Amino acid sequence: MKIWGSQQAFLWLALGSLSVGGASTFAAEPTLERWIEFQTTNSLDRVYRAISPADGALGSVMASPSRTRPDYYFHWIRDSALVMREVWAFRALRPELARRTLMDYALFSRRNQATDNRSGSAYAEGVGEPKFEMTGEAYTADWGRPQSDGPALRVLALLGLADDLMQTGQSEFVYRNLYAPEMPARTVIKADLEYVARYWSDPSFDLWEEVKGDHFYTRIAQWRALEEGAVFARKMRDPEAATYYRSEAARILDSLDSFWSTSKNYLVATRNWVGGHDPSEKPSLLDVAIVLGALHAGKPGFPFYVDDDRVIATMDELILAFEAQYPVNRERKNAEGEPMSPGIGRYPEDRYDGYSTDGWGNPWFLTTHAMAEAFLRLRTEIQIKGEIRITVLNRPFFSRLVNESLSLSRLREGDPTYAAILDGLRRQSDAFLRRAKFHTGEGGRQSEQFNRDHGEMQGAHDLTWSYASFLSLRRIREKDVNLFTR
Ligand code: NOJ
Ligand code: NOJ
């Protein structure tokens, strides 16, 4: 499928400057703003190029074009769901193409679900298979499987399309492929919801494909999928399923509290470690997966969103750890003399250098983008509430942010410290973005990682998830443009 003719690319650029040129909100720094404009077009372009390539099936998404060292030429359920979410979120700019792309992805996902694989049988445990060949065939080599965040993320990626089709007289596609209110479940969303509701308490591999156990990231994705899935099930006149999904969602949400460690004072990534890497390889259990979970599946007004003190405390620990750990973070200013925040990695003990686990982990683009996004989302929540409570848990974070030791208190609009915090969140978000920009290659290219010592990119080149994570940040940053509805 050919997506970008030069005319189409031009149209996109024109549309981009017309309708998403909301840069004036942050007019302070032309270089950064211009780069963000460029990188938005560039990222969406590269995302589309990763979808349905000539030698892959329609609706498949390559994690990266890299086929050797490392071989990332596969359709990962997690990566593709996060990518499709952005395609859909940016649909206002390319409505027909976005819808067609999501429909292709839905049909490809249906084939995945119908394929027996090493996680198990089709429509049963096999739904937890982490990746497929780009042709749609099962991947047959050893892998960390199952990975149960995938089906949950896929539900979240497809619900917007399903709603849209129902409202625009295309319910036939929905009943046939996305959600038929009947058992056994043979439609994508319904089959994923059944899988999540039935198996969520079973251990699975984490999003980094290394540890088998119960994971915060996987659980919060499962919670949100069932929560939103229940609402959709009701609309589809499947009330018993809705009740079932909602009650499992409530149990999952309860289980998330147990990830708080009172001794460590942050949320730990994994509990009930049962396999994969050895627990001695990750004693801290400190992992950016918590922040990714809050962003990908947290819901404003609910626990474990970015304004939850437990998430804030975890963010603070992560930033401190990576700041101290990566030599590259000692460079704190870019060429223009503007501040750069630390590059963010996966977890402190990480040994995966993008090629093997004999090396040392590095900062990643998608996690650095994620931190920038979390700061902005936190800022929005504070603005909505019009107040900040400085608590024992969040005090270190906010004190560092404004460079002054805060006392336990309630700050309101009009208070200078309140204003300083809002300002600090925005400035630091931009500083994380400058960090990502600093290590980005020629033509806006982003691999998976940038080296902890010298900052050069490494690991899979043009990682599709790197671009998707930039788009996610971008739509939050320019939220007044209202690109995003669901
Ligand atoms: C590839 C995985 O995707 C990566 O996350 C992991 O660190 C290595 N394999 C080693 O298990
Ligand atoms: C390795 C990452 O750890 C994992 O999260 C991702 O799904 C794969 N690479 C593919 O990008």
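Computed from a prediction, not measured in an experiment: that's the story for all the values here.
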Give a yes or no on this: more than 12 heavy atoms of other residues, nucleotides or ligands lie within 6.0 Å of atom CH2 of W35. yes
Could you tell me whether W223 and F302 have their ring centroids closer than 6.0 angstrom? yes
Shortest non-hydrogen contact from M371 to V291? CE-CG2, 4.3 Å
Kindly indicate, with the supporting measurements, whether the criterion side chain to side chain contact (heavy atoms under 4.5 Å, CB included) is fulfilled by W260 and N265. CA-CA 7 Å; W260 176 254; N265 259 295; 3.5 Å; yes
To the closest 0.5 Å, what do you measure between CZ (R400) and OG (S405)? 11.5 Å
Is it the case that E349 and S284 place a side-chain donor and acceptor less than 3.5 Å from each other? yes
Can you confirm whether D453 is buried at CG, in the sense that more than 12 heavy atoms of other residues, nucleotides or ligands lie under 6.0 Å from that atom? yes
Take atom NZ in K333; do more than 12 heavy atoms of anything else shown fall under 6.0 Å from it? no
The test is side chain to side chain contact (heavy atoms under 4.5 Å, CB included); show your working for D104 and F108 and say whether it passes. CA-CA 6 Å; D104 290 344; F108 184 74; over 6 Å; no
Could you tell me the separation between the CG atom of L408 and the OG1 atom of T391, rounded to the nearest 0.5 Å? 7.5 Å
Give a yes-or-no answer on whether the side chains of D462 and Y467 include a donor-acceptor pair shorter than 3.5 Å. yes
So do Y266 and V268 actually touch side chain to side chain, heavy atoms under 4.5 Å? yes
Between F304 and F259 (judged by ring centroids, cut-off 6.0 Å), do the two rings come close enough to count as a pair? no
D423 side chain to R426 main-chain N or O, any donor-acceptor pair under 3.5 Å? no
Tell me yes or no: between the side chains of Y352 and E209, is some donor less than 3.5 Å from an acceptor? no
Do S204 and Q147 pair up side chain to side chain, a donor and an acceptor below 3.5 Å, judged on atom types alone? no
I'd like to know whether the aromatic ring centres of F375 and F397 sit less than 6.0 Å apart in this structure. yes
Side chain of R351, backbone of G359: donor and acceptor closer than 3.5 Å? yes
Would the F365 and H439 ring centres measure less than 6.0 Å apart? no
Has R412 got its NZ or CZ under 6.0 Å from the middle of the six-membered ring of Y418, at an angle within 45 degrees of the ring axis? no
Single hit among Y347, F450, Y326, W208 for ring pair (Phe, Tyr, Trp, His ring centres under 6.0 Å) with W364: W208
Lys NZ or Arg CZ of R91 over W88 ring: under 6.0 Å, within 45°: yes
Taken to the nearest 0.5 Å, the spacing of Y105 OH from H75 NE2 works out to 5.5 Å
Within-4.5 Å side-chain heavy-atom neighbours: L366 and L292: yes
Do we see a donor-acceptor contact under 3.5 Å between the side chains of T368 and R435? no
Is R69 atom CZ crowded by more than 12 heavy atoms from other residues, nucleotides or ligands, each under 6.0 Å away? no
To the closest 0.5 Å, what do you measure between CG (D287) and CG (L285)? 8.5 Å
Could you walk me through whether D79 and T464 pass the side chain to side chain contact (heavy atoms under 4.5 Å, CB included) test, one step at a time? CA-CA 8 Å; D79 297 46; T464 316; over 6 Å; no
At what distance, to the nearest 0.5 angstrom, does CZ of R346 lie from CG of L286? 13.5 Å
Rounded to the nearest 0.5 Å, what separation is found between the CE atom of M315 and the CG atom of L378? 5.5 Å
Mind running side chain to side chain contact (heavy atoms under 4.5 Å, CB included) on T168 and R99 for me, showing each step along the way? CA-CA 12 Å; T168 53; R99 186 192 274 213; 3.4 Å; yes
Main-chain N/O of P396 paired to S399 side chain as donor or acceptor, under 3.5 Å: no
Begin from the C-alpha positions of R477 and D430 and carry the test salt bridge (Lys or Arg N to Asp or Glu O under 4.0 Å) through to its verdict. CA-CA 10 Å; R477 195 169 185 270; D430 277 0; 3.0 Å; yes
So, does T218 use its side chain to make a donor-acceptor pair with the main chain of S148 at under 3.5 Å? no
Is the closest side-chain donor-acceptor distance between E373 and S472 under 3.5 Å? yes
